[in-house]
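Input: a single structure, listed below in structure tokens.
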Amino acid sequence: MQKLQLTGLEKEVLLMEEKVLIIAVHHSGYDEQRLQFSIEELQSLTETAKGSVLKVVTQKREKIHRALYMGEGKIEEIREMVEELEIDLVISNDELSAGQMRNLNERLGVRIIDRSQLILDIFAQRANTKEGKLQVELAQYQYMLPRLHGQGQALSRLGGGIGTRGPGETKLESDRRHIRRRIDEIKRRLTTVVNQREQYRKRRRENRAFQIAIVGYTNAGKSTIFNRLTQSTSLEENQLFATLDPMSRQLRLPSGLQTIITDTVGFIQDLPTSLIAAFRSTLEEVTEADFILHMIDASHPDQVQHQKTVLKLLEDLNAQNIPMLTVYNKEDLIMEEFIPHAHPFIKISAYKENDLDKVLKKIEEMITESWEGYRTIVPESQGKLLQQLKQYTIIQEQQYEEELEGYTVKGYIAHDHPLKNGMKES
């Protein structure tokens, strides 16, 4: 087997990063292209977790080997590669059972994790808020509990590294009761935090603020557009899951309508179910929205599948009927003819000021289509009402009428808005 020739700089980088070998089975659930996209995504996830992928090994099989994930002969080849390349970590493209993990660990002599553990590890790195950290820790414990006997020696000598962040270096395999107690404790603490979040949502509902949620596949440009629209500084990186904790800011539309816009965690295929369950309260920010901006990286070759993944998760959250504008982002990077798969849609680059204006105008246009028109007279003595109309409705015309000693105002309002009760029709 030919040895890899590395430059001095590459050797320095590898000293800091874990050396990773990825394994993937090309089984009946994947066509060739789907498998390739899945492996590329796993490589990006590994880089996000500060790992360096030195080798990718695939095997075509009718179905996954029940005991070893791959066949005996292929596992022996991988064992030789692990020794030759001095691999620190092997990552499986599919979720592994406890038995598969144990058997692979014994055969290969290095740590084994799967795609789900890798995603959980990235979330552990990225969580900043108290709620986010608790949610990730809960998801990690729930994922590891049924797999403890499969991790054996690998867990008893935890010393840091990809797949080990979060719950710490406890001998997890020897103390199931400790984990169950910790899960119960985290759930109790999360209940308090979730109740606080619900109180905050309730206040927003009472204030009748129009709420916009930005959703999309991870790395689609959600934080970029959020920052550009609100002049914020939330984390923007060309990495998966740069944003984990949701952030909300005020946003004024061209007509003056005051809204609250929220940047949410990125979605991804095959998200661990424990993670979806743990982040339910955070993801429910989406269900509270009046309008959804669905960001898609239009330059990504697998953008159609990305779109389907997001729509499926929105359906799981019962948010599929909320009005939605699909924003095909990164228009400047599209290399071939582009065919949109969603309507209504808009194509933009989130870095272009003109394109941001187009997004705001399109949002407003869609809102007016779902709201009802109104025409009212506001006496000049009712300045507060005029201010409220500017803040909570879309005003198209406003004119002072001397003989009426007030303003005639024409615009659009939500069907059930309480402001309708105080209006005088003109």
Side-chain angles (χ1 to χ4, degrees), residues 20-49 51 53-75 77-78 81 90-97 100-101 104 112-120 122 215-221 238-241 266-273 275-276 294-316 320 326 328-330 333-343 345 347:
V20 175
L21 184 147
I22 285 174
I23 57 175
V25 171
H26 183 189
H27 50 79
S28 54
Y30 279 114
D31 60 37
E32 192 73 50
Q33 192 179 44
R34 275 247 47 72
L35 179 70
Q36 192 53 42
F37 287 144
S38 182
I39 290 170
E40 285 171 8
E41 186 169 85
L42 188 58
Q43 287 178 287
S44 295
L45 285 164
T46 304
E47 286 160 14
T48 297
V53 179
L54 297 193
K55 189 80 177 173
V56 175
V57 179
T58 62
Q59 183 180 38
K60 193 162 188 172
R61 294 177 60 87
E62 188 58 36
K63 57 184 180 180
I64 287 169
H65 194 291
R66 286 184 65 184
L68 292 169
Y69 181 62
M70 290 176 150
E72 295 265 5
K74 186 61 74 173
I75 294 299
E77 283 178 38
I78 291 168
M81 292 177 200
V90 172
I91 303 178
S92 159
N93 192 42
D94 296 282
E95 204 164 279
L96 297 174
S97 68
Q100 287 169 333
M101 278 187 176
L104 285 170
I112 314 290
I113 67 170
D114 59 27
R115 184 190 199 91
S116 292
Q117 278 174 285
L118 179 59
I119 292 170
L120 287 167
I122 293 166
V215 304
Y217 207 79
T218 182
N219 207 29
N238 186 26
Q239 280 192 324
L240 305 182
F241 302 118
F267 295 166
I268 195 167
Q269 289 171 67
D270 306 320
L271 260 180
T273 50
L275 198 56
I276 294 172
H294 179 187
M295 298 294 293
I296 297 174
D297 176 357
S299 69
H300 198 287
D302 203 23
Q303 55 97 357
V304 175
Q305 185 60 39
H306 289 184
Q307 187 171 325
K308 287 178 183 173
T309 299
V310 173
L311 294 178
K312 175 68 173 67
L313 277 164
L314 288 177
E315 198 176 311
D316 292 344
Q320 72 271 27
T326 301
Y328 289 106
N329 188 29
K330 308 187 186 181
L333 301 179
I334 297 173
M335 304 302 288
E336 52 193 43
E337 187 184 357
F338 179 77
I339 302 168
H341 285 77
H343 296 273
F345 75 92
K347 275 196 301 180

- Does any non-hydrogen side-chain atom of I268 lie less than 4.5 Å from one of E41? yes
- Task: Hey, could you give me the NE2/CG distance between H294 and L314, rounded to the nearest 0.5 Å?
- Result: 7.0 Å
- Answer whether the closest heavy-atom distance between the side chains of R61 and Y69 falls below 4.5 Å. no
- Message: Run the side chain to side chain contact (heavy atoms under 4.5 Å, CB included) test on V25 and M70 for me, step by step, so that the C-alpha distance in whole Å, both residues' side-chain angles and the decisive distance to 0.1 Å come before the verdict.
- Response: CA-CA 7 Å; V25 171; M70 290 176 150; 3.8 Å; yes
- Any side-chain heavy-atom pair from P340 and T326 closer than 4.5 angstrom? no
- Looking at M81 and V57, what are the two nearest heavy atoms and their distance? SD-CG2, 3.5 Å
- Item | Nearest heavy atoms of I296 and Q307, plus distance in Å | CD1-OE1, 3.1 Å
- Task: Kindly say whether A24 contributes a backbone atom to a donor-acceptor pair with the side chain of H26 at under 3.5 angstrom?
- Result: no
- Task: Check the pair K74 / E77 against salt bridge (charged side-chain N to carboxylate O under 4.0 Å, His left out), numbers first and verdict last.
- Result: CA-CA 5 Å; K74 186 61 74 173; E77 283 178 38; 3.6 Å; yes
- Item | Any donor-acceptor N or O pair under 3.5 Å, side chains D297, S299 | yes
- Item | Heavy-atom check, side chain of I64 versus side chain of D94, under 4.5 Å | yes
- Are any non-hydrogen side-chain atoms of K308 and H341 less than 4.5 angstrom apart? no
- From I119, I91, V53, residue fulfilling side chain to side chain contact (heavy atoms under 4.5 Å, CB included) relative to L45: I119
- Indicate the atoms forming the closest heavy-atom contact of Q100 with L96, along with that distance. OE1-CA, 3.4 Å
- Once the angle between the rings of H306 and Y217 is folded into 0 to 90°, is it parallel (under 30°), tilted (30 to 60°) or perpendicular (over 60°)? parallel
- In this structure, CG of L118 is separated from CD1 of I122 (nearest 0.5 Å) by 4.5 Å
- Under the side chain to side chain contact (heavy atoms under 4.5 Å, CB included) rule, what do D114 and M101 come out as? Steps first, then yes or no, please. CA-CA 9 Å; D114 59 27; M101 278 187 176; 3.7 Å; yes
- Task: For residues E62 and H27, report the shortest heavy-atom separation together with the two atoms involved.
- Result: O-CB, 4.0 Å
- Query: Got a second to check how far T46's OG1 is from I22's CD1, nearest 0.5 Å?
  - Reply: 4.0 Å
- Tightest non-hydrogen contact, residues V20 and G51, listed as CG2-CA, 4.3 Å
- Task: Check the pair F37, Q305 against side chain to side chain contact (heavy atoms under 4.5 Å, CB included), reporting the backbone distance first and the verdict last.
- Result: CA-CA 10 Å; F37 287 144; Q305 185 60 39; over 6 Å; no
- Message: Applying side chain to side chain contact (heavy atoms under 4.5 Å, CB included) to V90 and L104, what does each step give before you reach the verdict?
- Response: CA-CA 9 Å; V90 172; L104 285 170; over 6 Å; no
- Are any non-hydrogen side-chain atoms of L35 and N93 less than 4.5 angstrom apart? yes
- Task: Mind checking the CG-CD spacing from L42 to E47? Nearest 0.5 Å is all I need.
- Result: 10.0 Å
- Item | Nearest-0.5 Å distance that lies between atom CD in Q36 and atom CG in D302 | 11.0 Å
- Item | Minimum heavy-atom distance N329-G221, with the two atoms named | ND2-CA, 3.7 Å
